[in-house]
Colleague: 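Encoded as structure tokens, here's the structure I'll be asking about.
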Amino acid sequence: MTRQGIEDVRAGGPDDAVCGVVPTHVARPRDTETLGRLLAGAAERGWSVAVRGGGTAQDWGGRPRTVDLLVDTGALTWIDHDAGDLVVEVGAGTPVAELTATLAKAGQRLSVDPVRAGGTVGGLLATGVCGPRRLRTGTLRNLVIGMTVVRADGVVARSGGRVVKNVAGYDLAKLHTGGYGTLGVIASAAFRLHPLPPALRVLDAPLPSREAATRALAALRRSTVVPAAVELDRAPGGRSHLHVVLEGTSAGVEARADETVRVLGAALAVEGRGTPGDGGTAMARGEGHGGTEDATSSDRAPENGVRVTDRLPDGWGLLPTEGTLIRLSVPPARSAAAAARAAELGDAVGTDLRTTGSARAGALVVAVPPGASAEVIGLLLEGLRSVPEWSATVLRAEPHVHEAGVDLWGEVPGLAVMRAIKDALDPGHRLAPGRFVTDRPDDLREEP
Amino acid sequence: MTETAHPIPAAVAALVPRLRRICGGDGVLTDASRRRVYESDGLTRHRAVPGVVVLPTTAEQVTAVVRLCAETGVPFVPRGAGTGLSAGALPHPEGVLLSTSRMRRIIEVDPDNECAVVEPGVANLDVSRAAAPYGLYYAPDPSSQQVCSVGGNVAENSGGAHCLKYGFTVDHVRGLDVVTPQGALLRLGGKAPDAPGHDLIGAFVGSEGTLGIATRITVGLTRLPERTVTLLSAFTSMDAGGRAVSAIIAAGVLPSAIEMMDALAIEAAEAAVACDYPAGAACVLIVELDGPAVEVEAELAEVVRLCASAGAFETRTAADADERARIWKGRKSAFAAVGRISPAYIVQDGVVPRTALPEVLRRITELSAESGIRVANVFHAGDGNLHPLVLFDDAEPGAAERAEEVSGAILDLCVEHGGSITGEHGVGVDKACKMPRMYSPDDLETFDLFRRALDPRGIANPDKLLPTPRLCGEVPGVRRGAHPLVESGEAEQF
Ligand SMILES: Cc1cc2nc3c(=O)[nH]c(=O)nc-3n(C[C@H](O)[C@H](O)[C@H](O)COP(=O)(O)OP(=O)(O)OC[C@H]3O[C@@H](n4cnc5c(N)ncnc54)[C@H](O)[C@@H]3O)c2cc1C
């Protein structure tokens, strides 16, 4: 067999490092076919392969053991937008910002909030994490309707299609979304789109205590205002806020914002009636309460400390670019408790944590400041994982945390099946070896 | 006698004592007349009497049955309520049919976490009924929702009239207990979102019973909307109705449902249930809007205006539940109603990009004219999901074949226009051989690699979803050569 597909390869340098691992070769295929040939060539040589889109998440996931070839998707940039069908198909290397701008011209959007600035569509998919506005239209997994992937052996395979409703064949895009490129290299994807809402309101409610937070969330749950996001932000030091995003017509959001202020106000106002506090959770620190003395008077004092604006806060949805990030998934009703628990654990190890995330969904992220020791991260994870039904996975760790061998994933139900799928689609485990849970270091020790 | 007509195959008969030990005497059906009850699902033109039927009551029993199958290489077919329309639950004559009909417990409704935990045999509508006291409901609403099972919905990734806004089953499943074809009981996800690792739940939903059996399902519940309005608009042509749909979507309105019926479907519904749709309508649109009252008001005004400018000659708005039910009555009765104007019919399920609807509908009219086969159209216009009803007289020689041809040609049209061969009924046996029209040999081989990763022996609902030589003749990409286990003598080719 002739060796092929490897012509346009340059040597990798420090700037190309993936989690600190410098790739031997770097290639930038110009289209899906070239990418297919490239991976076929890599397969022939037994090369390990990692992928780079915008380079914003090269330090996410596990650290690859080796990277013989880094595939730069930077040339796979194309946008095929069917505005009338509210569908778009895009090359994996397309910057998310470019896609957003193109869609906005037609009054449409891909309804997810990216958590990193400067990323590509492929990176967004491969990491699979997205931000606050997930309550009405779901997350990325709910919006991907088709995907073209190049397998480890270079074969180009598509699943799904370009129509929103389609149940023909297995929905393999679900496996690649959040799979860190370990089952194949994403070449392009098709998404379902939504119209850009004409108007927006953002409510910002300070939360005086964990109990108040729980009450506010419960009250929102019972209301019919249909928020797009209910985002909890517990900053270091204990200041907590709830951001509620309403999207719709301009008359609509106005009225819904009033209703939400009333609902939140009533829930927060109860605080003033002498509830004994929250048993010392960190959330109570440093924040006076804005509630009135009497819950029933909330309609006379509708603000209750709740501010309403028509703009998203700066840096909306973006995660810190430094330090360790832990994804914490909990049953939604436990969101406030989970943020408080994280803070307690942080206090115990002397680290100021910030917990943000969709309180309505139970999808939180705990951000640990840079420099926290591996031991600290290990203790935090242990504390969070000890609660039944909670899961805590490390999205991004610093090099010393990788070196210490901290378990990034915790218990992963179905791992044996995930490994079987990995073995079927990438038998040589050449795609980003070590990056994902299917071949974390301890598993390799178990089954050499 | 029936017993001699359908004797239990030896490989299956050998399992019966052990199956009885697992499921109890009343949980195993061997009598041919009782087995025959399960010979088809909702697509009755495919029939096979199962080797044996088991009716487990717990996940442990399901696991034990599947382990037995895995050990012996005997295939199994999961079955829910049997309303499927692609012969996905068609029994295997030499296999075990595993019915979830005795697993019907609603384990929990948890309003604080906005979810419910149910066994797979629970009827779809019962979830909403149980959630109603909390102001919640289960959003996916297939028309068969009174009977179809949540397990079946999971297997088919079922949609409903309201999936335009609220999505399909996969968008609402948070947790799944699954018995894999190798007999492992997994608990994937739960009340918390974003389960770690690969999204196995996402891959399992829609896998048509080929990756194992769902034994417990955690579904998200949705808050009942503050306001729901249904509107009926009548047009003198399908083109005009189609223009209205495009205009509504282009205006950025997202109705919860947009349904469309053509003249023949209206005529049938009128004859059956006297739904009293506007006289002279060649097309009616049913648009439903829901959400916060203020938003619904604004959208309603917009939709009424858009329908009028697209040429609607009459628009009715229903505000209360009774009036809404009256509008929906015609639409909901349409399939059954067509049965009254035609001795037999085929329900097709294909998808086209919404913008291709007018063109595809015109081509269907042409196909119908050329073949002399009448086609009624009742469909989910909002997402381009066509359900043409191809009418024929089964007493007339060759009519069924001609109807099949028209029905197949409609699917070809869908694929030509960049659509899909199925939007909600699934592939099953019925469309397995049509998969190569939509997917390349490499795509199909990738599906097959994935399937075999979970089911190396090929025992979970074999001959469904992917084309096999047995069903379709030689198909590139799938199951090339003998199955490794067949070669090694460990299994027989089914
Ligand atoms: C009148 C009518 C209207 C319909 N309307 C709609 C509609 O609007 N939208 C729509 O999407 N569908 C519709 N359908 C199709 C059908 O109702 C759905 O596909 C439904 O989800 C099937 O559920 P079931 O319990 O009847 O499954 P079955 O028919 O028993 O089985 C369907 C498939 O699921 C598998 N299966 C069943 N239970 C399990 C389990 N626990 N684990 C794993 N696999 C399992 C079976 O092996 C089979 O492949 C309609 C059908 C009818 C007859």
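Within every chain, numbering begins at 1; the chains are lettered A, B, ... in the order of the sequence lines, protein sequences first and strands thereafter.
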Colleague: I need the Ile421(A) CD1 to Arg451(B) CZ distance, nearest 0.5 Å.
Modeller: 14.0 Å
Colleague: Of the listed residues (Asp171(A), Leu217(A), Val226(A), Asn166(A)), which shares the most heavy-atom pairs with chain B below a 4.5 Å separation?
Modeller: Asn166(A)
Colleague: Just give me the residue among Val427(B), Asp383(B), Leu186(B) that pairs up with chain A most often, heavy atom to heavy atom, under 4.5 Å.
Modeller: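 Most heavy-atom pairs within the cutoff with chain A belong to Asp383(B).
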Colleague: Could you measure the distance from the CG atom of Leu254(B) to the OG1 atom of Thr137(A)? Nearest 0.5 Å is fine.
Modeller: 9.5 Å
Colleague: Under 4.5 Å from any heavy atom of chain A, what part of Leu449(B) do you find: side chain, backbone, both or neither?
Modeller: both
Colleague: With a 4.5 angstrom heavy-atom cut-off, which part of Gln108(A) approaches chain B: side chain, backbone, both or neither?
Modeller: neither
Colleague: For Val352(B), which atoms come within 4.5 Å of any heavy atom of chain A: side chain, backbone, both, or neither?
Modeller: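 The answer is the backbone of Val352(B).
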Colleague: To the nearest 0.5 Å, tell me how far Tyr170(A) OH sits from Phe450(B) CZ.
Modeller: 7.0 Å
Colleague: Considering only heavy atoms and a distance below 4.5 Å, find which of Leu183(A), Asp82(A), Val149(A), Thr148(A) pairs most often with chain B.
Modeller: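 Sorted descending by pairs with chain B, the first entry is Leu183(A).
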Colleague: Taking only Lys NZ, Arg NE, NH1 and NH2, and the carboxylate oxygens of Asp or Glu, determine whether Arg256(A) and Glu226(B) approach each other closer than 4.0 Å.
Modeller: no
Colleague: Any idea which of Ala251(A), Gly248(A), Ala173(A), Gly184(A) has the most non-hydrogen atom pairs under 4.5 angstrom with chain B?
Modeller: Gly248(A)
Colleague: What verdict does the side-chain contact (heavy atoms from CB on, under 4.5 Å) test give for Glu302(B) and Thr249(A), after you've listed the backbone C-alpha separation in whole Å, the side-chain angles of each residue and the deciding distance to 0.1 Å?
Modeller: CA-CA 11 Å; Glu302(B) 178 87 351; Thr249(A) 61; over 6 Å; no
Colleague: For Met435(B), which atoms come within 4.5 Å of any heavy atom of chain A: side chain, backbone, both, or neither?
Modeller: side chain
Colleague: State plainly whether the residues Arg134(A) and Asp194(B) are in salt-bridge range, i.e. N to O under 4.0 Å.
Modeller: yes
Colleague: Heavy atoms only: give me the nearest Ser391(A)-Pro196(B) pair and the separation to one decimal.
Modeller: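 Nearest pair, atom of Ser391(A) first, then Pro196(B): OG-CD, 3.8 Å.
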Colleague: Among Ile249(B), Leu465(B), Val178(B), which has the most heavy-atom pairs under 4.5 Å with chain A?
Modeller: Leu465(B)
Colleague: At a 4.5 Å cut-off on heavy atoms, which part of His425(B) comes close to chain A: side chain, backbone, both, or neither?
Modeller: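 Contact with chain A involves the backbone of His425(B) alone.
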Colleague: Given that the side chain runs from C-beta out, which part of Ala218(A) has a heavy atom under 4.5 Å from chain B: side chain, backbone, both or neither?
Modeller: neither
Colleague: Check the pair Leu175(A), Leu200(B) against side-chain contact (heavy atoms from CB on, under 4.5 Å), reporting the backbone distance first and the verdict last.
Modeller: CA-CA 7 Å; Leu175(A) 297 173; Leu200(B) 292 183; 4.1 Å; yes
Colleague: So, Asn113(B) side chain and Ala333(A) main chain: donor-acceptor pair closer than 3.5 Å or not?
Modeller: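 Present.
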Colleague: For chain B, which of Pro195(A), Gly252(A), Ser335(A) has the most heavy-atom pairs under 4.5 Å?
Modeller: Gly252(A)
Colleague: At a heavy-atom distance under 4.5 Å, which candidate from Gly384(B), Gly206(B), Pro193(B), Gly252(B) has the highest pair count against chain A?
Modeller: Pro193(B)
Colleague: Can you confirm whether Leu454(B) sits close enough to Val417(A) that some side-chain heavy atom of one is under 4.5 Å from a side-chain heavy atom of the other?
Modeller: yes
Colleague: Just so I understand: if I count every heavy-atom pair under 4.5 Å between each of Asp423(A), Leu86(A), Val87(A), Val225(A) and chain B, which residue has the most?
Modeller: Leu86(A)
Colleague: Is chain A contacted by the side chain of Ala298(B), its backbone, both, or neither, given a heavy-atom distance below 4.5 Å?
Modeller: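 When you check distances to chain A, only side chain atoms of Ala298(B) fall under 4.5 Å.
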Colleague: Minimum heavy-atom separation for Ala192(B) and Glu389(A), please, with both atom names.
Modeller: CB-O, 3.6 Å
Colleague: Yes or no on salt bridge (Lys or Arg N to Asp or Glu O under 4.0 Å) for Lys165(A) and Glu424(B), after CA distance, side-chain angles and deciding distance?
Modeller: CA-CA 7 Å; Lys165(A) 214 167 170 188; Glu424(B) 55 183 22; 2.9 Å; yes
Colleague: So for Thr180(B), is it side chain, backbone, both, or neither that comes closer than 4.5 Å to the heavy atoms of chain A?
Modeller: side chain
Colleague: Side chain, backbone, both or neither: which part of Gln182(B) has a heavy atom under 4.5 Å from chain A?
Modeller: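 Neither part.
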Colleague: If I compare all heavy atoms of Leu188(B) with all of Pro413(A), which pair ends up nearest, and what's the gap?
Modeller: CD2-O, 3.8 Å
Colleague: Which answer fits Arg227(B), side chain, backbone, both or neither, if we ask what part of it has an atom under 4.5 Å from a heavy atom of chain A?
Modeller: neither
Colleague: Using only heavy-atom distances, determine whether the side chains of Thr446(B) and Arg151(A) contain a donor-acceptor pair under 3.5 Å.
Modeller: yes
Colleague: Can a donor-acceptor pair be found, under 3.5 Å and without considering hydrogens, that links the side chain of Asp443(B) to the backbone of Arg158(A)?
Modeller: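 Yes, the answer is positive, given that a donor and an acceptor are paired below the 3.5 Å cut-off.
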Colleague: Could you look at Glu156(B) and say if it's the side chain, the backbone, both or neither that has a heavy atom under 4.5 Å from chain A?
Modeller: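 Interface part for Glu156(B): backbone (N, CA, C, O).
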Colleague: For Leu136(B), is it the side chain, the backbone, both, or neither that has a heavy atom closer than 4.5 Å to a heavy atom of chain A?
Modeller: neither
Colleague: So for Phe168(B), is it side chain, backbone, both, or neither that comes closer than 4.5 Å to the heavy atoms of chain A?
Modeller: side chain
Colleague: Counting heavy-atom pairs under 4.5 Å to chain A, which of Val296(B), Ile201(B), Val205(B), Leu211(B) comes out on top?
Modeller: Leu211(B)
Colleague: Could you state the interatomic distance from CG (Leu172(A)) to CG (Asp199(B)), rounded to the nearest 0.5 Å?
Modeller: 11.5 Å
Colleague: Measure distances from Thr182(A) to the heavy atoms of chain B and classify the residue's part below 4.5 Å as side chain, backbone, both or neither.
Modeller: side chain
Colleague: Taking every non-hydrogen pair under 4.5 Å, which of Pro292(B), Ala453(B), Gly167(B) racks up the most with chain A?
Modeller: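 Highest number of heavy-atom pairs under 4.5 Å: Pro292(B).
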Colleague: Using side-chain heavy atoms (C-beta onward) and a distance below 4.5 Å, is Pro332(A) in contact with Arg174(B)?
Modeller: yes
Colleague: Any sub-3.5 Å donor-acceptor pair from Tyr439(B)'s side-chain atoms to Ala157(A)'s backbone N or O?
Modeller: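 No, because the side chain of Tyr439(B) does not come within donor-acceptor range (under 3.5 Å) of the backbone of Ala157(A).
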Colleague: What class does the angle between the rings of Phe436(A) and His198(B) fall in, given that below 30° is parallel, 30 to 60° is tilted and above 60° is perpendicular?
Modeller: tilted
Colleague: Name the region of Val330(A), side chain, backbone, both or neither, that has any atom closer than 4.5 Å to a heavy atom of chain B.
Modeller: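 Interface part for Val330(A): backbone (N, CA, C, O).
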Colleague: Of the listed residues (Leu196(A), Asn142(A), Val412(A)), which shares the most heavy-atom pairs with chain B below a 4.5 Å separation?
Modeller: Asn142(A)
Colleague: Does the side chain of Thr355(B) reach to within under 4.5 Å of the side chain of Asp85(A), using non-hydrogen atoms?
Modeller: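 Touching, per the 4.5 Å side-chain cut-off.
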Colleague: With a 4.5 angstrom heavy-atom cut-off, could you sort out which part of His194(A) is near chain B: side chain, backbone, both or neither?
Modeller: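 For His194(A), the contact with chain B is made by the side chain alone.
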Colleague: For the residue pair Val163(A) and Arg354(B), establish whether any side-chain heavy-atom pair is separated by less than 4.5 Å.
Modeller: no
Colleague: Tell me if a side-chain donor or acceptor on Arg223(B) pairs with a main-chain N or O of Arg221(A) at a distance below 3.5 Å.
Modeller: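 The answer is yes, because a donor-acceptor pair under 3.5 Å joins these two groups.
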Colleague: Rounded to the nearest 0.5 Å, what's the gap from NZ on Lys191(B) to CH2 on Trp390(A)? Could you check?
Modeller: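 So the NZ of Lys191(B) and the CH2 of Trp390(A) are separated by 14.5 Å.
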Colleague: I need the residue from Asp349(B), Thr422(B), Val294(B) with the largest number of non-hydrogen atom pairs under 4.5 Å to chain A.
Modeller: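 Counting heavy-atom pairs under 4.5 Å, the top option is Thr422(B).
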